[in-house]
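In what follows, a structure is listed as structure tokens, so that the remarks can point back to it.
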Amino acid sequence: MDQVKLITETRIEQLHGNLMFEVNGERFEVLSVDPCTTLLEFLRYQTRFKSVKLGCGEGGCGACVVLLTKYNPVVKKVESFTVSSCLTLLCSVNGGSITTSEGLGNSKDGFHSIHQRFSGFHASQCGFCTPGICISLFAALTNADKTDRSEPQAGLSKLTASEAEKAVAGNLCRCTGYRPIADACKSFAADVDMEDLGINCFWKKEEPTDMKLGRLPPYKSSDQICMHPDFLNKPMILNSETYSWHSPVTVQELVRVLNPSMKNDSAKVKLVVGNTAIGYHKDMEHYESYIDLRSIPELSMIEKDQTGLVIGAAVTISDLILNLRDEKNVSSQLCADDMIIFHQIADHMEKVASGFIRNSASIGGNLVMAQRNSFPSDIATVLLAVGSNVSIVTVEDQKVVTLEEFLMSPPLDHRSLLLSVKIPFWGMKRDGKSNGSDPKLLFQTYRAAPRPLGNALPYLNAAFWANISVCKTGVRVNDVRLVFGAFGTKHAVRARRVENYLGGKVLSASVLYEAVKLVKEAVVPEHGTSYPSYRSSLACSFLFEFFHPFINVPTPILEGSCESLMSSFLEIVPKSGSDRSVKSTLLSSSKQEIESINEYYPVGEPMPKVGASLQASGEAVYADDIPSPPGCLYGAFIYSKRSLSRIRSVNFKTNSYPEGVTAVVTFKDIPAGGENIGSKTYFGIEQLFADEVTRHAGERIAVVVAKTQRCADRAADMALIDYGNDNLGPPILTVEEAVERSSFFNTPPFLTPKPVGDFSKGMAEADHKILSAKLKLGSQYYFYMETQTALAVPDEDNCIVVYSSIQVPEFAQIVIARCLGIPEHNVRVVTRRVGGGFGGKALKAMPIAAACALAAHNLHKPVRMYLNRKTDMIMAGGRHPMKITYSVGFKSSGRITALNLDILIDAGISEDVSPVMPSNLLGAFKKYDWGALSFDIKVCKTNNISRSAMRGPGEVQGSYIAEAIIEHVASTLHIDVDSVRDKNLHTFESLNTFYAHSAGDNAEYTLPVIWDKLANSSRFFERIQMIERFNQKNKWRKRGISRVPILHEVTLRPTPGKVSILWDGSVVVEVGGIELGQGLWTKVKQMTAYALSSVQCDGMRDLVDKIRIVQADTLSLVQGGFTAGSTTSESSCEAVQLCCNILVERLAPLKKQIQEDHGHVKWENLILQAHYTSVNLSASSYYVPDRSSMQYLNYGAAVGEVEINVLTGETKILQADIIYDCGQSMNPAVDLGQIEGAFVQGIGFFMLEEYLTDKNGLVTTDSTWTYKIPTIDTIPKQFNVEIVNSGHHQKRVLSSKASGEPPLLLAVSIHCATRAAIKEARKQATSWSNASGETDLDFELEVPATMPIVKTLCGLDNVEKYLESLLNEQAK
């Protein structure tokens, strides 16, 4: 345990040399600490501040962001910047001040305007990510305030709208879809247009702008928050052997400190600047000492000499960006060419990582990572292209080598230190006389990555430098440097053969064609690199993009002066590249159309989500925020990395238990009478631990229990498992193998869907047929921001209390009781809130709770677990992969007459919820009238990890399959796909045929109205014509648009509720549903206020403020059931309404009596009298939906428009228009957030997220580095949503309908629009190749449609085809 003291002002002068810092105004002195301790670990385990969350441990999500204020001895001033606390070492914040979201404001002292605006703009759902986002925004506001920009209007800041959006570009959110977050951030911007901001609780749309600004919570300038204590205004050096931490202040002192280790091969010394490398290169080694390089001025300075810019190795990426952009750098040494180069480098570096990583990551560290660990560095590529060199010091000498030599040399060891990097000046000074034929410098950088604004490694990066001049025949390349990196090579490389070929040549189509061919030969990824052909093609595309403007020179320009000729070219160059604007906003104005209904006030009001401000300030308590009880131990799973193997033994790399380990718990430690059970459903169980045989990769083998989470994780990583395959046979890893070996799970008869119509007859009626077409769908990871976590505390009388982040506490209680062999009443499972679930915190959360309970039960100590992101991703299971074969018959008009589906679903090793998949899938698939529908759906048992429910389980796949078939039919007939969709929409008669039990009344079938309304509101047909014109004019960018419907069947479940009224009239509510961020508590609170208001007392208008929803407790409210399927909110609301009806009935006689005596009745007086007269003011209920109406249909439609880059495969979502029927929404703001969040999660599935495994079935995309969910720069630029109030639905809860899952299915519109854009690119490619026949438009666009997939379908050789077409035309 670290020795920590809170200290006072009077002791500061005595603490020179000790580790001292401040957190939110509280000062800490740490007398001893392991130097590998991170700031996050200290904050979470040693302070009361819990807003800093562990989301990934890699610096890739932003949940742990804090503001660090520290004195910079180089510039001699205090600076404030964000850092990722999960990577920042505690010792490195010595003398600093840390501000977390609690430090901005809180419930006791008042919330900060950031917290209030996030709540008011409905920008927080589960809330786990919100504190980090708030700090990212606050840091941007703080630094904007320091600029000399003009003072903004009252209530605003100096921040621009573009800066506000980009401030949170590195922060991930899985719930909201980012649009409301962007609005909350932009509400502080000086240049914001209030009309562009979306729905909020501050103003009504029709109010004037000045009034809107006045209604915003006033902006509280950062100087009013304690971030700059006096003791920061001087350097504070931590230099103590106590901490094994050295802070040398000169290079000479550094060499002296390093000297012993330089002479000792076994010495383990770590050089530290920002420690960000640990996020990528998971270094678990123990170091004897750490050396902090930031106090050495030579390493932290940027200086100019006569020949170039010298950058110290410890200079951060952010500082270098600012320096390169600083106009003050224009001096006698620099000319315009150099400034252009510097700005291009800065622009590129701004796309490296995210802001809070760039703020602490050093230039030198990045280059050493590239050289030592083959890190795919952008910085190495860019600096190599401009001819940089590096300075290296060893114990013997100091030397300067070129960056190319440095990268190609053996890995830098602890005997050598990178001191600086030098960028040479390339620009040529003019003497005032300019000759038009003077050489000119061109410099451009490129990167292709899943996210435009960074926070994603590139598939390939490139940087090109060229010295060119103009002659009468065109543009001559005098000299050129072409550098490519990150394409599956050890480091960035120069394409010297291409450089030699181009040198001295006049650019033409033939010259560029030959150069492109040489590039393809030069850029060859190493074996095992993903998408190798795509990466090589990218290199060709970038070279083409750089030189293409110079190959088609109009004759009038060539006949002009050389000076005017060169000017014309220089005007062209910037336009040929990607959009490099740093000032435009990511998102444009969007519309949210909602209708608030007062009939059931406050139900129907768009009130903010309950607890949103608490979530923003970081005060909301999640399972891992609960303070650890005394003696608490920590657990981590040891899991299998093979499928179907015997486990001979489990050992560690050391012969004994690693440091800090208390026990290793396996199936052998389950108590007598207990079971090896980790989870259960209605269909079966899954074991907690593997026994003698592990059946799949990722299976739990044991849990390591240790004194700290770090010790537990490190020990689990050190585990050595001895496998064997004696007499087990090969595993089943594919659905095809499952079919061969008849390995299936049964689907119960009541869940088995029934065919519709006569397939043979329908096929006989068809004019055309498609037979045995195939589709494949992969999986998707939940990526809840809070990973799986639980805390188990032994209690008296053989009882145990488990705090779990889970969607189904009731089942966890059953599983734990069976595992321990104790009665269920001995097990109490408590869940307050969940930091994102999406189905992944249902069954998959049970094993974590059970493992903690088992370890706590056996060791008689509290045990908690918080899975690291890698382990969580490996064990999650995720969405069900599928293989689909279909045969379809259709008329020439596009009317479908018959369809047969053969679907193989990979369920994994156990049933989980897989038996419901066939009915779920068909429930969404039947959104079209297929004429006759037959199917054979097999749920395959494989030796993969069991798949589980993920938001829209089966429905999202079913909706996609339907659209893929529609697209295929349209392509076959060569007709517009929208007309095929239109022809096959259900009539109410066909709807009843396909949905006999859930169609409802004719008036409830709103899809045809939505379909037509969307076409008008989105200007769908007008935009089709605009897109046609765009595609005709643009070769390298193509647009597509698509309109799709959804029809989603949901089922209500039985749900309990309990309402209690206390003496002061405040109300406590318990429900079976769990608050996951979906607004369940908010709707329940509104329903409680509405239902109790029927007692009709005075002063009940504000009753909603007197209601509190409390955590789920399995011993307080039983039969809680599942929180899943989109309907738990309305079921919980109905259960609460039943409770309130009982209470109102009990209160009515008393109220009547008081009214007769006094004439009016106040709520508080009524309740006080009720207590005095012993009226029972607590009521429980169990809502059981009527079987005849427990299923119903949800309707919606979306139009998606995209633009693809034919050269790179990048897809930009230009616009999404959604109309969704929520019935009579209980809270339009909550439902709007669900619609937007679900849609963006669907974008992830269809466009971005690859959840891949190796040959053993072990997940390989197991980090934020390899798994990319949507970010603020990948959502629709314009995002329009309208919620339809479809009137009264007698059989629904206050006429409301579900919103949590159905809108996710609408994201297929983006996939279909991408397909339409690719079609245009393929048509164009066909025209270039002079191929006979028609363009092949019958292609499968895989899911997800990532950049490599899109580019491959557009053509990996389209540059070559285009150049060949130019050469052919010239030959004519």
Side-chain angles (χ1 to χ4, degrees), residues 16-19 35 70-77 89 91-95 234-275 277 287-316 319-320 323 360-369 371-372 388-403 405-406 409-423:
H16 182 72
N18 289 340
L19 177 55
K70 210 167 188 296
Y71 181 80
N72 184 335
V74 176
V75 296
K76 295 181 172 56
K77 67 177 183 180
L89 295 176
C91 290
S92 69
V93 304
N94 181 48
K234 58 184 177 181
M236 297 188 68
I237 303 299
L238 178 68
N239 191 355
S240 172
E241 292 294 338
T242 305
Y243 305 98
S244 300
W245 185 277
H246 302 273
S247 301
V249 295
T250 65
V251 173
Q252 293 74 20
E253 184 183 354
L254 170 62
V255 173
R256 285 198 302 272
V257 173
L258 277 174
N259 194 31
S261 64
M262 287 179 169
K263 296 178 179 179
N264 183 0
D265 288 336
S266 63
K268 292 185 178 180
V269 176
K270 184 165 187 174
L271 303 179
V272 176
V273 177
N275 199 46
Y287 291 92
E288 295 174 7
S289 62
Y290 290 69
I291 302 176
D292 187 352
L293 304 178
R294 295 168 305 157
S295 298
I296 304 173
E298 298 97 314
L299 298 186
S300 299
M301 295 179 69
I302 302 174
E303 297 179 307
K304 297 186 195 70
D305 60 22
Q306 293 297 315
T307 59
L309 190 71
V310 181
I311 305 153
V315 169
T316 66
D319 283 345
L320 180 56
N323 189 279
S360 51
S362 66
I363 298 297
N366 185 283
L367 293 178
V368 170
M369 280 266 290
Q371 197 258 5
R372 183 187 292 166
S388 303
N389 55 45
V390 299
S391 177
I392 300 171
V393 65
T394 67
V395 70
E396 291 89 11
D397 61 2
Q398 182 174 336
K399 59 182 178 179
V400 176
V401 299
T402 67
L403 179 57
E405 291 171 334
F406 172 72
S409 61
L412 204 68
D413 60 20
H414 62 275
R415 292 184 178 86
S416 304
L417 174 70
L418 181 66
L419 286 182
S420 63
V421 184
K422 184 173 184 178
I423 303 175

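FYI, side chains are in, hydrogens and waters are out, and symmetry mates aren't considered; it's all heavy atoms of this structure.
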Got a second to check how far Ser362's OG is from Ile311's CD1, nearest 0.5 Å?
-> 12.0 Å

If every non-hydrogen atom of Ser92 is compared with every non-hydrogen atom of Lys70, which pair is closest and at what distance?
-> O-CE, 3.2 Å

Going from NE2 on His246 to OG on Ser289, what distance comes out if it is rounded to the nearest 0.5 angstrom?
-> 4.5 Å

Heavy-atom pair of closest approach, residues Ser360 and Val273 = O-CG1, 4.0 Å

Which atom pair, heavy atoms only, marks the closest approach of Pro297 to Val74?
-> CA-CG2, 4.3 Å

Any Trp245 side-chain heavy atom under 4.5 Å of Leu19 side chain = no

Hey, are the side chains of Leu417 and Leu293 touching, using non-hydrogen atoms and a 4.5 Å cut-off?
-> yes

At their closest point, which heavy atom of Arg294 faces which heavy atom of Ser300, and how far apart are they?
-> O-OG, 3.3 Å

Kindly indicate whether the side chain of Glu253, heavy atoms from C-beta on, has any atom under 4.5 Å from the side chain of Ile296.
-> no

How about Val421 and Leu403: do any of their side-chain heavy atoms sit closer than 4.5 Å?
-> no

What distance do Leu367 atom CG and Leu418 atom CG have between them, rounded to the nearest 0.5 Å?
-> 6.5 Å

Euclidean distance, Asp292 CG relative to Asn94 CG, rounded to 0.5 Å = 9.0 Å

Is it the case that Ser409 and Gln371 place a side-chain donor and acceptor less than 3.5 Å from each other?
-> yes

Distance (rounded to the nearest 0.5 Å) between Thr394 OG1 and Lys399 NZ | 7.0 Å

Rounded to the nearest 0.5 angstrom, the CG-CZ distance for Asp413 and Arg372 is 7.5 Å

Are any non-hydrogen side-chain atoms of Pro35 and Lys270 less than 4.5 angstrom apart?
-> no

Report yes if some heavy atom in the side chain of Asn323 is under 4.5 Å from a heavy atom in the side chain of Leu309; otherwise report no.
-> yes

Do you know which two heavy atoms are closest between Leu320 and Val315, and how far apart they sit?
-> N-CG1, 4.0 Å

